[in-house]
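The block underneath contains the structure these notes are about, expressed in structure tokens.
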Amino acid sequence: MVRFTSGTSPAQMNQIVTSAGATVIEDLSPIGALVVVPGSAGFDARVGRNGAVTTAFEDALLSDTRGKPDGPGGGGHAPDFGLGPKGKGFPDPWHELSSFLGVTNPEGILQWDDNRMDVPAAWTKTKGDKDVVVAVLDTGVDTDHRELHDTVDRKLGGNFIPCDDLKALFGLGYIDHKGLRDCHDGDFEGHGTWVASRIAADDNGFASNGVAPNVRIASYKVLAAGLGGLASWMIGGLVGACSTQDVDIVNMSIEGYLDPSDPFDQQVYLLFNDAVAYCRARGVAVFAAAGNEHVRIDRVDLNVGGRDLSGVGQVADGAEGFASVSPGSPSLGDYDLRGLLEVPAGVPGVTMVSATANAIGAAPANVPLRWQSHVGARDQLTYYSNYGSRIDLAAPGGARRYDIPFWDGGAGDILYGGWGSLGALTTKGLICTDPVTSALFNAACFKLDGQGFGWLQGTSMATPNAAGVAALVLSARHDLRGHPDALVARLKSTANHSVVNYMGPNDPSNFAPSVFGDPCPTGYCHLDQSHPISFGNAYGAGLVDAGAAVR
């Protein structure tokens, strides 16, 4: 990535880097930068001699962050079920369906998360406005899916993975590895399709529907299946989405961490910061996932790379800065996130969304009595969700029935049937074809008339729930369009403050042994079930309430 002084024109930027021997693969000139591949060693020194260049630094890979259901699995195929009626009517037939293969949940309907956000009350006023556009920056969207075919605006968006350049420079295997075809448009994982459907799946009388079924989706492909993505792809998608006159909201169900002591990471973070500022200056609200490591993210003022920033999301320094891990994880150091900066949700101006569960449906006998006493409690912070003072809002993200991971809960600790959150999936994607994630007790990937669906959990799922509610608000309150601060203030001021959290942080007294292979006696390696995370750190301003926000 090469950054330039203010006032340098795009043509001058291109001339400077090409003269120094590089190929431009991403145009970030609206925020004063280009992404290039040098043709030979010494490029940074050559380009740095030009007075218009402020810095040149290495791109960063943010790893795959899809909403993975934890635990072992089997299968590798999507069974085809014919569930429920297919007639017209609103909401769609699965929305109110009481069970899936005999499994029920406390809400009594499969799309329980809409009720928790009071979305049906908002629907009496609006189901969304076609003029409102939500940009989904993700793994792409399966536009052939019946739930999204008429929802995605094909005039907007695009593939921000520079495949032609990467193939020319490095060879086809750089991206098209292990049979994946992510140099093609579309979604070869399923994550982006799921996110788009939770926001705006069509109210077409078939299967399920989204929170705001009448708004439009713009797909910006910035993640490669099974890989994740480079920061430049995500920043390019942000700049591309906000350069149009159409996009109102950006959804980034993406998470990664950067080291504020590393000069390269500092510059990557600052470029994210400038991209978000560019979006907000153009009236676009950005929502992003809080992350799934169950660490505390503090809201801090911090000098990053010589610039003073306010509202930075930084992982706590103490015991709450160690990520949750599964039994047998190889190294404690792999999960030491202390002091790192979260992106994109922790970038100033981004609305960070934590995830809540349906309810604590049950608890196995090996967990403490105090946790068993909370069985039935709804809208708990999930066992995986990050938390802390940087959280702005909470939304349903789904969690296993016991609100602990599969390897602790065992039989009955499931996602399907309304414990996870229901959305559309592409049947050709990794989530539906991978033997672990496709298993019925995990993602429960299945088909109806050849169309894929499944339950997932994660802050990746909470974020489109919040973004969908924001889209309903913009549809009902046109005066808030183009004013992201006012939109978020509306969501915060109307959020549900009545929920009570019992979920605790990781327990440092039990945490370390599990890293070296010991079974977890309780919780997510391990949960402190005696000291609940405070309301503000769990939910931010509260659980989004669509009915109150559109009134």
Side-chain angles (χ1 to χ4, degrees), residues 67 69-70 104-109 111-118 289-297 320 324 352-364 367-388 391-406 408-409 412-415 417-422 455-463 465-466 495-507 520 522-545:
D70 50 70
T104 59
N105 66 75
E107 194 65 43
I109 61 173
Q111 294 196 270
W112 58 276
D113 35 3
D114 284 341
N115 279 15
R116 300 298 172 80
M117 299 185 294
D118 201 23
N292 301 331
E293 287 71 43
H294 207 56
V295 294
R296 193 181 87 219
I297 310 292
E320 291 177 273
S324 297
M352 181 185 281
V353 184
S354 64
T356 59
N358 184 333
I360 302 173
V367 304
L369 289 175
R370 68 178 70 91
W371 192 248
Q372 295 182 28
S373 71
H374 298 320
V375 169
R378 300 188 176 198
D379 304 317
Q380 296 298 292
L381 184 74
T382 60
Y383 65 88
Y384 56 79
S385 179
N386 288 350
Y387 56 93
I391 299 296
D392 292 300
L393 291 162
R400 291 185 172 279
R401 185 181 178 194
Y402 303 154
D403 204 6
I404 56 177
F406 182 79
D408 291 331
D413 198 10
I414 55 175
L415 282 176
W419 298 100
S421 185
L422 178 65
W455 278 275
L456 298 182
Q457 63 175 10
T459 55
S460 280
M461 288 62 249
T463 307
N465 267 323
N496 182 352
H497 300 89
S498 67
V499 289
V500 177
N501 179 59
Y502 301 111
M503 178 60 67
N506 292 321
D507 184 353
C520 298
T522 64
Y524 194 11
C525 294
H526 307 265
L527 294 175
D528 178 347
Q529 294 161 334
S530 300
H531 302 91
I533 295 163
S534 69
F535 179 94
N537 283 344
Y539 305 110
L543 186 64
V544 289
D545 188 320

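Of the inter-residue distances, the one linking Asn292 atom CG with Thr382 atom OG1 reads 7.5 Å to the nearest 0.5 angstrom. Note that CG of Asp118 and CG of Asp545 are 4.5 Å apart. Values are rounded to the nearest 0.5 Å. Between Ile360 atom CD1 and Asp379 atom CG the span is 10.5 Å, to the nearest 0.5 Å. Taken to the nearest 0.5 Å, the CD atom of Glu320 stands 10.5 Å off from the CD1 atom of Ile297. Separating the CG atom in Leu422 from the CG atom in Asp114 is a distance of 10.0 Å, to the nearest 0.5 Å.
Among Trp419, Tyr384, Tyr383, the single residue meeting the side-chain hydrogen bond (donor to acceptor under 3.5 Å, both in side chains) criterion with Gln457 is Tyr383.
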Review point. Should Asp113 and Met461 be marked as a side chain to side chain contact (heavy atoms under 4.5 Å, CB included) after you check the CA-CA gap, both sets of side-chain angles, and the distance that decides it?
Key: CA-CA 10 Å; Asp113 35 3; Met461 288 62 249; over 6 Å; no
**Study point:** Verdict with supporting geometry, Gln380 and Asp403, side-chain hydrogen bond (donor to acceptor under 3.5 Å, both in side chains)
**Key:** CA-CA 8 Å; Gln380 296 298 292; Asp403 204 6; over 6 Å; no
**Study point:** Derivation and outcome, side chain to side chain contact (heavy atoms under 4.5 Å, CB included), residues Met503 and Tyr387
**Key:** CA-CA 11 Å; Met503 178 60 67; Tyr387 56 93; over 6 Å; no
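Arg378 places no side-chain N or O within 3.5 Å of a backbone atom of Val499 that could act as its donor or acceptor partner. Judged by distance alone, the side chain of Asn105 and the main-chain N or O of Ile109 form a donor-acceptor pair under 3.5 Å. No donor-acceptor distance shorter than 3.5 angstrom exists from the side chain of Thr459 to the backbone of Ala289, with no hydrogens or angles considered. No donor-acceptor pair under 3.5 Å is formed between the side chain of Asn501 and the backbone N or O of Ala538. Distance alone, capped at 3.5 Å, places no donor-acceptor pair between the Trp455 side chain and the Leu415 backbone. In terms of modelled atom types and a separation under 3.5 Å, the side chain of Arg400 and the main chain of Asp413 share a donor-acceptor contact. Not one N or O on the side chain of Trp112 forms a donor-acceptor pair closer than 3.5 Å with the backbone of Gly398. Distance alone, capped at 3.5 Å, is enough to place a donor-acceptor pair between the Asn386 side chain and the Ala290 backbone. When atom types are taken as modelled, the side chain of His374 and the backbone of Tyr502 share no donor-acceptor pair closer than 3.5 angstrom.
Listed here is the closest heavy atom pair of Ser385 and His294: O-ND1, 2.9 Å. When all heavy atoms of Ala394 and Thr356 are compared, the pair lying nearest together is CB-CG2, 4.0 Å. Closest approach of Gly397 and Ala355 over heavy atoms only: CA-CB, 4.0 Å. Residues Ala466 and Ala395 share a closest heavy-atom pair of N-CB, 4.1 Å. Residue Arg401 comes nearest to Gly412 through the heavy atom pair CD-O, 3.3 Å, listed as atom of the first residue, atom of the second, then distance.
In this structure, the side chains of Ser421 and Leu456 stay at 4.5 Å or more apart for every pair of heavy atoms. The shortest side-chain heavy-atom distance between Pro505 and Arg296 does not fall under the 4.5 Å cut-off. For the pair Leu543 and Pro396, the minimum side-chain heavy-atom distance is below 4.5 Å.
Under the rule for a ring-ring contact (aromatic ring centres under 6.0 Å, His included), Tyr402 has no partner lying at least two apart in sequence or in another chain.
Aromatic ring centres of Tyr539 and His497: separated by at least 6.0 Å.
Side-chain polar atoms of Asn358 and Arg116 form a donor-acceptor pair below 3.5 angstrom.
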